[in-house]
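Okay, so here's the structure we're looking at.
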Amino acid sequence: MADPSEERIRDYLPGALCLVAEEADVVVGACVLNRLDDATLELFNIAVDPADQGQGIGAALLRRALDEARARGFRRVELGTGTFGYQLTFYQRAGFRVEAVVRDHFLTHYDEPVIESGLQHKDQLRLGLALQP
């Protein structure tokens, strides 16, 4: 759900830190992070089953991922997301700040248009968060 490209997921999944949220032994959410360098992880995706959204599962999963990153000695988490939509607000509520714009990211890295709320994503925002010890 968080990344429409199965090929891209296959590329970043090996060696990744994967966390899941379960309810009654059923996975309802997942989060995938991978190392950029010794100090930094990239949050590649986080998703919650649509039937379980709006209950704080995604926020709890993100908090757990940040706690795990901190516990493993990482000092920073980065991510890329679209320039609009609920995801941007979600990450900003968690303390992430916009640091850069990658023009035409969704046009050059995805075979199919990525559409949200009737609008096509074109550019990507790069966000970052410094982890406090």
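Screening residues 114-133 for ring pair (Phe, Tyr, Trp, His ring centres under 6.0 Å) gives Phe84-His121, Phe106-His121 as the qualifying pairs, with residues at least two apart or on separate chains. Sorted by first and then second residue, the ring pair (Phe, Tyr, Trp, His ring centres under 6.0 Å) pairs with a member in residues 46-80 form an empty list; sequence neighbours excluded.
Summarising the geometry, atom OG1 belonging to Thr83 is positioned 9.0 Å from atom CG belonging to Leu119; distances are rounded to the nearest 0.5 Å. Atom CG in Leu129 sits 9.0 Å away from atom CG in Leu79 (nearest 0.5 Å). Leu17 CG to Arg35 CZ: the interatomic distance, rounded to the nearest 0.5 Å, is 10.0 Å.
Nearest heavy-atom pair, Glu23 versus Asp52, reported as atom, atom and distance to 0.1 Å: OE2-OD1, 4.2 Å. The two atoms that bring Val20 and Leu61 nearest to each other are C-CD1, 4.0 Å, heavy atoms only. Residues Asp123 and Arg103 share a closest heavy-atom pair of OD1-CA, 3.2 Å. In plain terms, the two heavy atoms of Pro113 and Gln120 that are nearest each other are CB-NE2, 3.6 Å. The shortest heavy-atom contact between Thr40 and Asp37 is N-OD1, 2.9 Å.
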Under 3.5 Å, which donor-acceptor pairs do the side chains of residues 65-73 form with other protein atoms, sequence neighbours left out?
unit_1, atom_1, unit_2, atom_2, d
Asp67, OD1, Arg70, NH1, 2.9
Glu68, OE1, Arg64, NH1, 3.0
Glu68, OE1, Arg64, NH2, 3.4
Glu68, OE2, Arg72, NE, 2.6
Glu68, OE2, Arg72, NH2, 3.2
Arg70, NE, Gln132, O, 2.6

Under 3.5 Å, side-chain donor or acceptor atoms of residues 88-100 against the rest of the protein: list the pairs with distances, not counting sequence neighbours.
unit_1, atom_1, unit_2, atom_2, d
Glu99, OE1, Arg76, NH2, 2.4
Glu99, OE2, Arg76, NH1, 3.4
Glu99, OE2, Arg76, NH2, 2.9

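For Arg75, the side-chain contact (heavy atoms from CB on, under 4.5 Å) test picks out Ala39, with sequence neighbours left out.
Cluster annotation: Val114 and Tyr86 are assigned to distinct hydrophobic clusters (Ile/Leu/Val/Met/Phe/Trp/Tyr, side-chain heavy-atom contacts under 4.5 Å, transitive). In the hydrophobic cluster analysis, where Ile, Leu, Val, Met, Phe, Trp and Tyr join through side-chain heavy atoms closer than 4.5 angstrom, Val101 is grouped together with Leu127.
Surrounding CD of Glu22 are more than 12 heavy atoms belonging to other residues, nucleotides or ligands, all under 6.0 Å away.
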Item to check | Leu62/Leu43 under side chain to side chain contact (heavy atoms under 4.5 Å, CB included): CA gap, chis, key distance, verdict | outcome: CA-CA 9 Å; Leu62 180 57; Leu43 175 63; 3.9 Å; yes
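Residues His109 and Gln124 are not in side-chain contact: their nearest non-hydrogen atoms beyond the backbone lie 4.5 Å or more apart. Asn34 is not listed as a side-chain neighbour of Glu42, based on a closest heavy-atom distance of 4.5 Å or more.
Hydrophobic side-chain contacts under 4.5 Å tie Leu107 to no other Ile, Leu, Val, Met, Phe, Trp or Tyr residue.
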